Visitor: 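Next up is a structure, given as structure tokens.
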Amino acid sequence: MSDQSDLISLRQSYLDRISGAADADTLEQVRLAALGKKGEISGMMKELGRMTPEERQTRGAELNRLRDEVDTALRARKQGLEDAALDARLKDEWLDVTLPGRPRPQGSIHPVSQVTEEVTAIFADMGFRVAEGPQIESDWFNFDALNIPPEHPARQEHDTFFMARAEGDLRPPHVLRTHTSPVQIRAMQATGAPIRVIAPGRVYRMDMDQTHAPMFHQVEGLALGRDISMANLKWTLEEFCRAFFELDEVELRFRASHFPFTEPSAEVDIRCSWEGGKLTLGQGNSWLEILGSGMVHPKVLAAGGIDPDQWQGFAFGMGIDRIAMLKYGIPDLRAFFESDLRWLRHYGFAAGDVPSVAGGLSR
């Protein structure tokens, strides 16, 4: 191509090919032939470097106009093809805006999470705050500070998950905490007395059957003051059970027991009935154990940095999974950890079911 007439002919050729392109693929082939790296017009632009300045000034302006016209035509044709494709799609597809929307699956709050919130709401109303601590604990916090002797079964490998130490490290191994009682020690060390806290969280023990799991959830409570007694403990637990199980009347039975970290210690039973194989709390002639409790042992107070001659108090602990099973009629603990969506849809709670003492705990 050496004169203007050739460029005019070339321009018309490409404009005809562009207007005749029936689809995006054909149009892309025309673009590559004209303006691609190896395209015809691109090649002509590269030849400008071998021309004299006078020739380059004239020829460059002509080639730039040609390139711009072809590029503009390509863009316009591409937009036209896209508009035509959209029009065809709109003719074939239609939407009835009067139809109801498609339902979206909604998640459920796990019973453990819901019951934890219920327990927290009840004890918060009594002036207890929530305390937290690590799930991997030192041997001292998990056992020694709680007056658990070396020969206690809980300190054996068949009952507790011990963490491995590096070879040559003779320190006592860390453990996956077997209860949330270490949180009580940490809370006492951090704030001193008086204190009222609950410690909900995961705990770990080597156990697995219909009512036990190697990981489960527990909540423990601690209250320290100058004159706190077993009477205060009894009232607190009665009020909790009345609010949690939503009963007008509740009767608890305290049976003497032994825990290393409390003295005296007591197992707590709630009156119930088993008529027709159905459990009913708050009435009947049977008793069901629900938690352990007692007055905090002086050695535990001392481990927490509290003077046992000046302060005393009570502690209690219960399984969150267990009381959830009792309240909501869940028969098997293992289902809590199986991630079965059908089970969760049945026993789960809606996001708006926020428990409160004033507004009601359950649905």
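All values reported here derive from a predicted model rather than from experimental measurement.
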Visitor: Can you find a heavy atom in the side chain of Met325 that is under 4.5 Å from one in the side chain of Leu333?
Guide: yes
Visitor: Nearest 0.5 Å, what's the CZ-OG1 distance between Arg202 and Thr180?
Guide: 13.0 Å
Visitor: Compare all side-chain heavy atoms of Leu63 with those of Arg67 and state whether any distance is below 4.5 angstrom.
Guide: no
Visitor: Hydrophobic clustering (ILVMFWY, side-chain heavy atoms < 4.5 Å, transitive) - are Val197 and Phe141 grouped together?
Guide: yes
Visitor: Spell out, yes or no, whether Ile306 and Val183 are grouped together once hydrophobic residues are joined by side-chain heavy atoms under 4.5 Å, including indirect joins.
Guide: no
Visitor: Return the set of residues passing ring pair (Phe, Tyr, Trp, His ring centres under 6.0 Å) with His174 (not counting sequence neighbours), or none when no residue passes.
Guide: none
Visitor: Can you find a pair of side-chain heavy atoms, one from Glu220 and one from Ile198, that are under 4.5 Å apart?
Guide: no
Visitor: Could you work out, with salt bridge (charged side-chain N to carboxylate O under 4.0 Å, His left out) as the rule, every residue matching Glu69, not counting sequence neighbours?
Guide: Arg11
Visitor: Sequence neighbours excluded, which residues qualify as side chain to side chain donor-acceptor pair (under 3.5 Å) partners of Arg196?
Guide: none
Visitor: Just to verify, what does Ser265 make a side chain to side chain donor-acceptor pair (under 3.5 Å) with, not counting sequence neighbours?
Guide: Thr262
Visitor: Would you sort out whether Lys327 and Glu118 count as a salt bridge (Lys or Arg N to Asp or Glu O under 4.0 Å), showing the intermediate values?
Guide: CA-CA 11 Å; Lys327 182 173 182 177; Glu118 293 180 14; 2.9 Å; yes
Visitor: Please tell me whether Gln283 and Arg271 have a donor and an acceptor in their side chains that are separated by less than 3.5 angstrom.
Guide: no
Visitor: Any salt bridge (charged side-chain N to carboxylate O under 4.0 Å, His left out) involving residues 289-317? Give me the pairs, sequence neighbours left out, ordered by first then second residue.
Guide: Arg255-Glu289
Visitor: State, to 0.1 Å, how close Arg17 and Ala33 come at their nearest heavy-atom pair, and which atoms those are.
Guide: NH2-CB, 4.2 Å
Visitor: For Asp71, check salt bridge (charged side-chain N to carboxylate O under 4.0 Å, His left out) against everything at least two apart and list the hits.
Guide: Arg75
Visitor: Would you please say whether a donor-acceptor pair under 3.5 Å links the side chains of Asn142 and Thr178?
Guide: yes
Visitor: Is there a salt bridge (Lys or Arg N to Asp or Glu O under 4.0 Å) between Arg186 and Glu137? Walk through the geometry before answering.
Guide: CA-CA 11 Å; Arg186 293 180 179 273; Glu137 269 292 7; 2.8 Å; yes
Visitor: Do side-chain atoms of Thr116 reach the backbone of Val112 as a donor and acceptor pair under 3.5 angstrom?
Guide: yes
Visitor: Do the side chain of Gln218 and the main chain of Gly319 share a donor and acceptor less than 3.5 angstrom apart?
Guide: no
Visitor: Can you name the residues that form a ring pair (Phe, Tyr, Trp, His ring centres under 6.0 Å) with Phe314, not counting sequence neighbours?
Guide: none
Visitor: Between Ser42 (side chain) and Gly36 (backbone), is there a donor-acceptor pair under 3.5 Å?
Guide: yes
Visitor: Looking at every non-hydrogen atom in both residues, tell me the closest pair between Gly348 and Pro111 and how far apart they are.
Guide: CA-CD, 4.5 Å
Visitor: Test question: given the 4.5 Å side-chain rule for I, L, V, M, F, W and Y, name all other residues clustered with Phe216, or answer none.
Guide: Val203
Visitor: Of the non-hydrogen atoms in Ser293 and Phe254, which two are nearest, and what is the gap between them?
Guide: OG-CE2, 4.1 Å
Visitor: Heavy-atom distance under 4.5 Å between the side chains of His179 and Leu146, does that happen here?
Guide: yes
Visitor: Taking the side chain as every heavy atom from C-beta outward, state whether Leu252 and Val250 have any pair of such atoms under 4.5 Å apart.
Guide: yes
Visitor: Does the plane of the ring in Trp343 sit parallel, tilted or perpendicular to the ring in Tyr347? Use 30° and 60° as the thresholds.
Guide: tilted
Visitor: Is the shortest side-chain heavy-atom distance between Arg205 and Thr160 below 4.5 Å?
Guide: no
Visitor: Could you state the interatomic distance from CG (Leu237) to CD1 (Ile290), rounded to the nearest 0.5 Å?
Guide: 7.5 Å
Visitor: Would you say the rings of Phe143 and Phe261 are close, in the sense that their centroids are separated by under 6.0 Å?
Guide: no
Visitor: Provide the closest heavy-atom pair for Pro172 versus Asp139 in the form atom of the first, atom of the second, distance.
Guide: CB-CB, 3.7 Å
Visitor: If we count only N and O atoms by modelled type, under 3.5 Å, do the side chains of Asp25 and Gln29 hold a donor and an acceptor together?
Guide: no
Visitor: Could you tell me whether Arg334 and Glu338 make a salt bridge, using a distance below 4.0 angstrom between a side-chain N and a carboxylate O?
Guide: no
Visitor: Got a sec, which residues hit ring pair (Phe, Tyr, Trp, His ring centres under 6.0 Å) with Trp311, two or more places apart in sequence or on another chain?
Guide: none
Visitor: For residues Met188 and Val300, report the shortest heavy-atom separation together with the two atoms involved.
Guide: CE-O, 3.9 Å
Visitor: Give the intermediate values and the outcome of side-chain contact (heavy atoms from CB on, under 4.5 Å) for residues Leu81 and Leu27.
Guide: CA-CA 9 Å; Leu81 290 173; Leu27 187 65; 4.1 Å; yes
Visitor: Measuring from Leu281:CG to Glu246:CD, what's the distance to the nearest 0.5 Å?
Guide: 11.5 Å
Visitor: Looking only at the side chains, is there a donor atom on one of Gln135 and Tyr204 sitting less than 3.5 Å from an acceptor on the other?
Guide: yes
Visitor: Could you pull out all residues at least two apart from Phe128 that satisfy ring pair (Phe, Tyr, Trp, His ring centres under 6.0 Å)?
Guide: Phe123
Visitor: Can you hop from Leu32 to Met44 via hydrophobic side chains spaced under 4.5 Å?
Guide: no
Visitor: Residues in side chain to side chain donor-acceptor pair (under 3.5 Å) with Ser229, at least two apart?
Guide: Asn232
Visitor: Considering non-hydrogen atoms only, spot the tightest contact between Leu279 and Cys272 and give its length.
Guide: CD1-CB, 3.7 Å
Visitor: Look at the side-chain heavy atoms of Ile, Leu, Val, Met, Phe, Trp and Tyr, link any pair under 4.5 Å apart, and say whether Met51 and Ile41 land in one connected group.
Guide: yes
Visitor: Can you sort out the partners of Asp227 under side chain to side chain donor-acceptor pair (under 3.5 Å), two or more places apart, ordered by chain and number?
Guide: none
Visitor: Roughly how far, to the nearest 0.5 Å, is the CE atom of Met318 from the SG atom of Cys241?
Guide: 6.5 Å
Visitor: With rounding to the nearest 0.5 angstrom, report the CG to CD1 distance, Leu222 to Ile185.
Guide: 8.5 Å
Visitor: Between Met230 and Ile228, is there shared hydrophobic-cluster membership here, with clusters defined by ILVMFWY side-chain heavy atoms closer than 4.5 Å?
Guide: yes
Visitor: Applying side-chain contact (heavy atoms from CB on, under 4.5 Å), run through His297 and Phe259 and close with a yes or a no.
Guide: CA-CA 9 Å; His297 197 288; Phe259 303 115; over 6 Å; no
Visitor: Got a second to check how far Glu267's CD is from Ser257's OG, nearest 0.5 Å?
Guide: 4.0 Å
Visitor: Using a 4.5 Å cut-off on heavy atoms from C-beta on, say whether the side chain of Leu288 contacts that of Asp269.
Guide: no
Visitor: Is any side-chain heavy atom of Ile323 closer than 4.5 Å to a side-chain heavy atom of Phe240?
Guide: yes
